[in-house]
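Report on the structure given below.
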Amino acid sequence: QAHIVESGGGVVQPGRSLRLSCVASGDIFAIQNMAWYRQAPGKQRELVGQISRNGDAIYADSVKCRFTVSIVNGNRTGFLQMNSLKAEDTAAYYCRVKHTGHYFSGWKRAWGQGTQVTVSA
């Protein structure tokens, strides 16, 4: 089983920055991409950003120019750098990894448990 763990969430004031981490371990042979999603109470889950193994990145329009996704350490560790945070960014943030493994064929998608980000004055 793949194991995905996010960390770095917390309570911050508007305009400040926060960096989230995503560490992938377990039965992972290769990672194709790592994506960050968020979900606020009463709202649908939305894609925040995604980065592929070759470094190609995409972002939601709402976070473009403020958030940056990156991946290091043989694609096992990723980061979501969040700058100029707004109250609207308050949500639970999740890391999703698309990967291959040693004990199954094809691709699987593994999710972390999430980390809460609250932006409030």
Side-chain angles (χ1 to χ4, degrees):
Q1 297 274 13
H3 190 215
I4 311 298
V5 179
E6 307 98 334
S7 63
V11 180
V12 298
Q13 293 182 315
R16 301 195 69 174
S17 298
L18 199 63
R19 188 179 74 166
L20 306 183
S21 299
C22 176
V23 178
S25 61
D27 185 23
I28 297 175
F29 181 74
I31 291 176
Q32 179 165 298
N33 62 59
M34 178 180 289
W36 289 91
Y37 290 80
R38 68 184 182 187
Q39 187 168 28
K43 301 184 69 176
Q44 292 186 338
R45 182 184 64 194
E46 64 175 345
L47 176 69
V48 176
Q50 179 177 285
I51 186 167
S52 67
R53 60 185 179 184
N54 65 1
D56 294 331
I58 58 173
Y59 300 92
D61 288 340
S62 60
V63 306
K64 193 173 297 182
C65 300
R66 297 190 298 119
F67 290 10
T68 303
V69 293
S70 61
I71 190 164
V72 297
N73 192 29
N75 296 336
R76 296 297 191 272
T77 301
F79 301 98
L80 177 65
Q81 178 67 44
M82 304 183 293
N83 299 325
S84 302
L85 283 163
K86 306 174 181 179
E88 306 92 272
D89 297 318
T90 296
Y93 284 73
Y94 299 89
C95 178
R96 189 193 74 182
V97 175
K98 183 180 180 181
H99 69 97
T100 59
H102 295 93
Y103 306 111
F104 64 90
S105 61
W107 297 100
K108 283 190 176 181
R109 293 173 175 83
W111 291 82
Q113 294 298 307
T115 184
Q116 179 68 37
V117 173
T118 301
V119 184
S120 176

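All figures in this text were calculated on a predicted structure; none of them were measured in a lab.
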Closest approach of V48 and Y37, non-hydrogen atoms and distance?
-> CG2-C, 4.0 Å
ILVMFWY cluster, Y94 and V23 together (side-chain gap under 4.5 Å) | no
When rounded to the nearest 0.5 angstrom, what distance separates CZ in R53 from CD in Q32?
-> 6.0 Å
Shortest non-hydrogen separation from I28 to H102 and the atoms involved | O-CE1, 4.0 Å
Would you call L85 and R16 a side-chain contact if the rule is heavy atoms closer than 4.5 Å?
-> no
Are D89 and R66 ion-paired here, with the side-chain N under 4.0 Å from a carboxylate O?
-> yes
Which heavy-atom pair separates W36 from L47 by the least distance, and what is that distance?
-> O-CD1, 3.6 Å
CA sep, side-chain torsions, deciding dist, call: M34, C22, side-chain contact (heavy atoms from CB on, under 4.5 Å) | CA-CA 9 Å; M34 178 180 289; C22 176; 3.9 Å; yes
Could you tell me whether the side chain of I4 reaches within less than 4.5 Å of the side chain of H99, counting heavy atoms only?
-> no
Do I58 and D56 touch side chain to side chain, with heavy atoms closer than 4.5 Å?
-> no
Establish whether F79 and Y59 are linked, either directly or via other cluster members, by ILVMFWY side-chain heavy-atom contacts under 4.5 Å.
-> no
Nearest heavy-atom neighbours spanning N83 and S17 = OD1-OG, 2.9 Å
To the nearest 0.5 Å, how far apart are OG1 in T100 and NZ in K108?
-> 11.5 Å
Within a radius of less than 6.0 Å around CZ of F104, do more than 12 heavy atoms belonging to other residues, nucleotides or ligands occur?
-> yes
Beyond-backbone contact of T90 with Q116, side-chain heavy atoms, under 4.5 angstrom = yes
G114 backbone acceptor or donor facing E6 side chain under 3.5 Å | yes
Which heavy atom in Y93 sits nearest to a heavy atom in R38, and how many Å separate them?
-> OH-NH1, 2.9 Å
The reported gap from CD in Q113 to SG in C95 (rounded to nearest 0.5 angstrom) is 12.0 Å
Taking all atoms of both residues into account, what is the closest heavy-atom pair of W111 and R96, and its distance?
-> CZ2-CD, 3.2 Å
Answer yes or no: is there a side-chain heavy-atom contact under 4.5 Å between R76 and I31?
-> yes
